[in-house]
Q: 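I have a structure I would like to understand better, so I am pasting it below and will then ask my questions one at a time.
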Number of protein chains: 2
Amino acid sequence: MTSAREFKNEVYSTFAEVTKALANPLRLEILDLLLQSPRSVDAIASAIGQSTANTSQHLQVLKRSRVVETRRFGTTIEYALVAGVSEVFVALRRLAEARHPLLDQAKRDYFGEASISRPALRAALASKTAVLLDVRPRLEFEHAHLPGALSIPIRELASRLDELPDDRLIVATCRGPYCTYADEAVHLIRASGREAVRFEDGVGEWVADGGAIA
Amino acid sequence: MTSAREFKNEVYSTFAEVTKALANPLRLEILDLLLQSPRSVDAIASAIGQSTANTSQHLQVLKRSRVVETRRFGTTIEYALVAGVSEVFVALRRLAEARHPLLDQAKRDYFGEASISRPALRAALASKTAVLLDVRPRLEFEHAHLPGALSIPIRELASRLDELPDDRLIVATCRGPYCTYADEAVHLIRASGREAVRFEDGVGEWVADGGAIA
DNA sequence: CATGAACTCAATATAATACTTGATTAGTGA
DNA sequence: TCACTAATCAAGTATTATATTGAGTTCATG
């Protein structure tokens, strides 16, 4: 019979297997990507700027602690978040931001763009004074998006600016608060003479908080 | 001007400072203790069965990542959780348990005790067919407890059994699902001829979920 | 100001992690 | 079967984390 102390050791060690999987910047970046949609190893590797081998090894770590799961399609293997992970991820990010206001500061310093909050966005959409523009790649948009959002991937935006109304505020959104696509979009749209701001959160936060998705 | 990649590195590295603090079994056990009430270094050290020096160093890690904070009282220094941490901790524990059913299994195998769920407890308390007994140390009880709970610390329970009603179900609760005091209490109370079960969660979970506290 | 208690710090040995390189496996299609 | 692509594995090195020991602080009290 094991002692109560051994039992505790086992419990907290098992618990720590999950937290250790989250204890690495690259793996957090990977989870942030997977929060949007499942991806292949190669796609993740190029998104985070790492070698395939290194990316694969990080993915093994996440898989071993059952934070992600895999499906095979021919020669490619698709990694996806396990249910329940997105809630923890978003909660953790909130905590990190509350403890380190510099995160927010760094973002502001770097981009200097205006952003719109969730309640303000809701109000603006309801009164039809704004439209929501999702600039993520088509696949991610199709996987999940906010209701009423327009989809123009950032790569196509420059050539499709004429699809945007010019009498409303354009609210650009992408993966999350650290995704820079929305900021690029704001630049582009403003250059065309329209008004634009970025959504201060992102699709990930909204969905994790139970926001309706289409 | 920093590149978008450097900005991302900074963001996820800062983020990982928090997750790294959680990536160790002893530190998780410490957080589980602090979820109940603030404590001195010595108290934590003896609770987790580690040297004062080692405990102090783990606490420094938690403090550096701003997961805990300190207050000095004379020669003793009290460590406490920072606001927002308990939510993350409980969410993480849920995820860990969902991924590792063995945790639950191990608990059941070891204790073999019956437990009562939250809705069932609410109903039983409302109909006055059960009383809730909190067996944590007095200080923790005073720091926060569930409404209507009776307080008899586990050490005093054997000599105070006559304070318990003998016509109602006694529901024992302590810190959390891995705290073994509640199981010991159930043993003792059953030996006195009364009916007893443990509460399947613990005070920590209930409070983190917004349950009313006295 | 000397003492003891509560805690922190510094130095060390050991163990675990991260990233690279190059080899290997699994599946696809000519 | 052969070549090609996607992914994993294995080995080596550099870095980082952990627990122990013993010394050093800080503060209340006589």
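Just so you know, these numbers use all the heavy atoms, side chains as well, and skip hydrogens, waters and symmetry mates. By convention in this document, chain letters (A, B, ...) are assigned in the order of the sequence lines, proteins followed by strands, and residues within each chain are numbered from 1.
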Q: Ignoring hydrogens and angles, tell me if any N or O in the side chain of A:Thr19 forms a donor-acceptor pair with the backbone of A:Ala16 under 3.5 Å.
A: yes

Q: Using atom CG of A:Leu62 as one end and atom P of D:dA7 as the other, report the distance to the nearest whole Å.
A: 15 Å

Q: Expressed in angstrom and rounded to an integer, what is the separation of A:Gln60 atom CD from C:dA18 atom C1'?
A: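 From A:Gln60 CD to C:dA18 C1': 15 Å.
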
Q: When you measure from the side chain of B:Asp42, which nucleotide among D:dC9, C:dC7, C:dT8 comes out closest?
A: C:dC7

Q: Does A:Ser56 have a side-chain nitrogen or oxygen under 4.0 Å from the phosphate oxygens OP1 or OP2 of D:dT8?
A: yes

Q: Under 3.5 Å, is there a donor-acceptor pair between the side chain of B:Arg27 and the main chain of B:Lys20?
A: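 Answer holds: yes.
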
Q: Is any side-chain heavy atom of A:Ile170 closer than 4.5 Å to one of A:Leu150?
A: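 They are not in contact (no side-chain heavy atoms under 4.5 Å apart), so the answer is no.
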
Q: Could you state the atom-to-atom distance from NZ of B:Lys63 to C1' of C:dC7 in whole Å?
A: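 Going from B:Lys63 (NZ) to C:dC7 (C1'), I get 11 Å.
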
Q: Using a cut-off of strictly less than 4.0 Å, decide whether B:Tyr79 has a side-chain nitrogen or oxygen near OP1 or OP2 of C:dA6.
A: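 Checking C:dA6 against B:Tyr79, no side-chain N or O comes under 4.0 Å of OP1 or OP2.
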
Q: In whole Å, I'd like the distance from the CD1 atom of B:Ile44 to the P atom of C:dC7.
A: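 So the CD1-P distance, B:Ile44 to C:dC7, works out to 9 Å.
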
Q: Which value, rounded to the nearest 0.5 Å, describes the distance between B:Leu125 atom CG and B:Ile116 atom CD1?
A: 7.5 Å

Q: Going by heavy atoms in the side chains, are A:Leu133 and A:Ile189 under 4.5 Å from each other?
A: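 Sidechains of A:Ile189 and A:Leu133: in contact.
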
Q: What string of B, S and - do you get for nucleotides 14-30 of chain D 5' to 3' if you count protein non-hydrogen atoms under 4.0 Å?
A: ----SBBBB----BS--

Q: So do B:Arg66 and B:Glu17 actually touch side chain to side chain, heavy atoms under 4.5 Å?
A: no

